[in-house]
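Worth saying up front: this structure is predicted, and the values here are computed from it rather than measured. These numbers come from the heavy atoms of this one structure, side chains and all, not from hydrogens, waters or symmetry mates. In what follows, chains carry the letters A, B, and so on, assigned in the order in which the sequence lines appear, proteins first and then strands, with residues in each chain numbered from 1.
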Protein chains: 2
Amino acid sequence: MAKSHSVNTEPAQLPTQSTDAPVCAESLVHLDNVRQVQPEVLSTEKAQRMAEFFSALSDPHRLKLLSALAPQELCVCDLAAAVKMGESAVSHQLRVLRSQRLVKYRRQGRNVYYGLADSHIAALYREVAEHLKES
Amino acid sequence: MAKSHSVNTEPAQLPTQSTDAPVCAESLVHLDNVRQVQPEVLSTEKAQRMAEFFSALSDPHRLKLLSALAPQELCVCDLAAAVKMGESAVSHQLRVLRSQRLVKYRRQGRNVYYGLADSHIAALYREVAEHLKES
DNA sequence: TTCCTGCCTGAATGGTTGTTCAGATGAGGA
DNA sequence: TCCTCATCTGAACAACCATTCAGGCAGGAA
């Protein structure tokens with residue numbers, strides 16, 4: 001997933017002391033601005049986790065699966081039929097969604113029923129739909 | 001970006017008529033469930049657009065950039081310093097964020113100042129942070 | 001005009017992801 | 001026990017993405 005290459009940049013410290021004159025090796029940096037903003041910058045850890053979460057949502061097939069699960073629980077073979085994918089492919093994608101706790105599942109007989117994990121997902125979905133509408 | 005391979009599956013029609021007996025070529029599908037859910041399934045088009053949007057957010061470097069832009073506007077070189085990336089890399093990533101209208105920018109003298117595009121982004125961010133907190 | 005600076009872009013490379021096929025697991029029924 | 005069905009998993013290949021380096025472009029100053 002979003003293990004996009006290496007991220008070895010910690011929030012980190014700057015020369016620590018005043019004078020907003022150009023000090024940085026490259027470019028004319030506004031040191032005061034940079035210092036002001038740095039505490040707000042996500043830690044590499046958190047950025048990584050969040051990136052993995054979004055990465056799970058960054059595939060049209062997985063989004064279709066989620067939209068199919070919005071109204072009700074479905075088992076894997078029903079899901080496959082609903083979004084017109086192979087069952088193996090669905091299974092693989094469901095694993096990704098599970099790993100980010102976007103879906104929950106329960107076994108009933110020989111079927112496994114999947115559903116949306118919680119309400120944040122729906123809220124998030126609406127937020128994005130809103131943003132995209134204003135294209 | 002999330003142009004993840006080909007997506008050639010339209011919502012599509014099923015045999016159209018009743019009897020929830022197994023009809024599908026593979027597996028024992030619950031036809032009634034499938035039909036009930038199908039209208040809710042995202043169209044390929046919308047799924048694609050949404051996937052591209054999430055894909056823009058699925059990289060830790062870009063998330064760091066966004067978090068740095070949350071409190072205030074910054075020019076490219078300041079951004080680069082704040083998240084400790086090269087300016088070229090920042091520029092590439094900003095292009096991705098621009099393409100999804102996650103950031104806006106304005107030129108002032110020789111600097112280009114970037115900022116968050118709108119309030120949906122902040123709301124979305126909070127939603128996800130909430131979800132991840134409940135790990 | 002010429003130089004310098006801040007930013008953007010194109011191309012090449014190495015890592016990552018999604019798909020497919022084959023086989024494995026596990027539950028239910030005979 | 002054996003068989004079948006629903007689902008999961010592993011491996012391999014093709015497509016995609018992020019990074020780097022090099023160079024290009026536009027604004028400001030002299």
Nearest-Å distance, [atom1] ([X]) to [atom2] ([N])?
| X | N | atom1 | atom2 | result |
| --- | --- | --- | --- | --- |
| B/L65 | C/dC7 | CG | C1' | 14 Å |
| B/Q93 | D/dT20 | CD | P | 10 Å |
| A/N111 | D/dT4 | CG | P | 19 Å |
| B/Q108 | C/dT5 | CD | C1' | 16 Å |
| B/H30 | D/dT7 | NE2 | P | 9 Å |
| B/R110 | D/dC25 | CZ | P | 19 Å |
| A/M85 | C/dT20 | CE | C1' | 12 Å |
| A/L74 | D/dT7 | CG | C1' | 15 Å |

First encountered from the 5' end of DNA chain D, between A/V112 and B/R107: A/V112

Can you say whether a donor on the side chain of B/S88 sits under 3.5 Å from an acceptor on the base of C/dC8, or the other way round? no

Checking only heavy atoms, does the side chain of B/S91 share a donor-acceptor pair with the base of C/dT9 at less than 3.5 Å? no

Taking the side chain of [X] as its heavy atoms from C-beta onward, which of [options] lies nearest to it?
| X | options | value |
| --- | --- | --- |
| A/E87 | D/dT20, D/dT9, D/dT7 | D/dT7 |
| A/H61 | D/dT19, D/dG10, C/dG18 | C/dG18 |
| B/D59 | C/dC7, D/dA18, D/dT7 | D/dA18 |

From the options A/R126, A/K133, A/E127, select the one residue that forms a side chain to side chain donor-acceptor pair (under 3.5 Å) with B/H120. A/E127

Assign each of A/A89 and A/G109 to its nearest nucleotide of DNA chain C by heavy atoms, then name whichever residue's nucleotide is nearer the 5' end. A/A89

Quick check for you: to the nearest 0.5 Å, what is the distance between A/M85 atom CE and A/Q93 atom CD? 5.0 Å

Would you give the length of the straight line joining atom NE2 of B/H131 to atom CE of A/M50, rounded to the nearest 0.5 angstrom? 10.5 Å

Under 4.0 angstrom, heavy atoms only, what part of the nucleic acid is A/Y113 near: base, sugar-phosphate, or nothing? nothing

Students often get this wrong, so: under 4.0 angstrom with heavy atoms, is B/Y114 touching a base, only sugar-phosphate, or nothing? sugar-phosphate

A/L132 with B/V41, same ILVMFWY side-chain cluster at under 4.5 Å: yes

B/H92-C/dT9 aromatic stacking (under 5.5 Å, under 30°): yes

Identified side-chain contact (heavy atoms from CB on, under 4.5 Å) partner of B/L102 from the options B/L65, B/L116, B/I121: B/I121

